[in-house]
Amino acid sequence: SAVCLLATWQGRPVAFSAWLPFVGAGRPSRREHRTVALPDYQGVGVGRALSDLAAGAWRGLGYRALSTTTHPALIAARQ
């Protein structure tokens, strides 16, 4: 039931993001399960951009987008 997104650069995959339905009270929600970027593309914002794009798409479709991270740089960027 995951919706998976792939970011490419010059036809090559560079990042991946998977989103799952979130069951709970309130309006329908999707939660980010995992977003990863290949090592050569880490730290340049590809993963964050993919995550932000997906969250914006879910919001545009009327869903609540949820995501939790322990990555210090991503925490700082989201604040």
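Scope of the values below: all heavy atoms of this structure, side chains included, with no hydrogens, waters or symmetry mates. What you are looking at is a predicted structure, and each value in this text was computed from that prediction instead of being measured.
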Should V3 and W58 be marked as a side chain to side chain contact (heavy atoms under 4.5 Å, CB included) after you check the CA-CA gap, both sets of side-chain angles, and the distance that decides it?
CA-CA 11 Å; V3 172; W58 287 121; 3.8 Å; yes
With sequence neighbours excluded, give me every salt bridge (charged side-chain N to carboxylate O under 4.0 Å, His left out) pair touching residues 66-79.
E32-R78
As an exercise, state the distance from SG of C4 to CZ of R34, rounded to the nearest 0.5 Å.
12.0 Å
Minimum heavy-atom separation for V46 and A7, please, with both atom names.
CG1-CB, 4.3 Å
Please find the pair of heavy atoms, one from R48 and one from A77, that lie closest to each other, and give the distance.
NH2-O, 3.4 Å
Looking only at non-hydrogen atoms, find the nearest pair between P13 and L38 and report the distance.
O-CD1, 3.1 Å
With side chain to side chain contact (heavy atoms under 4.5 Å, CB included) as the criterion, how do T69 and I75 come out once you've worked through the C-alpha distance, each side chain's angles and the decisive distance to 0.1 Å?
CA-CA 7 Å; T69 186; I75 292 169; 3.6 Å; yes
Is there a path from V23 to L61 through hydrophobic residues (I, L, V, M, F, W, Y) whose side chains come within less than 4.5 Å of each other?
no
Can you tell me how far apart CG (L5) and OG1 (T35) are? Round to the nearest 0.5 Å.
8.0 Å
How close do W19 and L66 get, heavy atom to heavy atom, and via which atoms?
CZ3-O, 3.7 Å
Looking at side-chain heavy atoms only, is the closest gap between Y63 and P28 below 4.5 Å?
yes
How far does OG of S67 sit from CG of D52, to the nearest 0.5 angstrom?
9.0 Å
So how far is it from R30 CZ to S1 OG, rounded to the nearest 0.5 Å?
8.0 Å
Using 0.5 Å steps for rounding, measure from the NE2 atom of H33 to the CG atom of L20.
6.0 Å
For F22 and R64, run side chain to side chain contact (heavy atoms under 4.5 Å, CB included): C-alpha distance rounded to whole Å, both residues' side-chain angles, the deciding distance at 0.1 Å, then the answer.
CA-CA 9 Å; F22 179 80; R64 190 171 54 144; 4.0 Å; yes
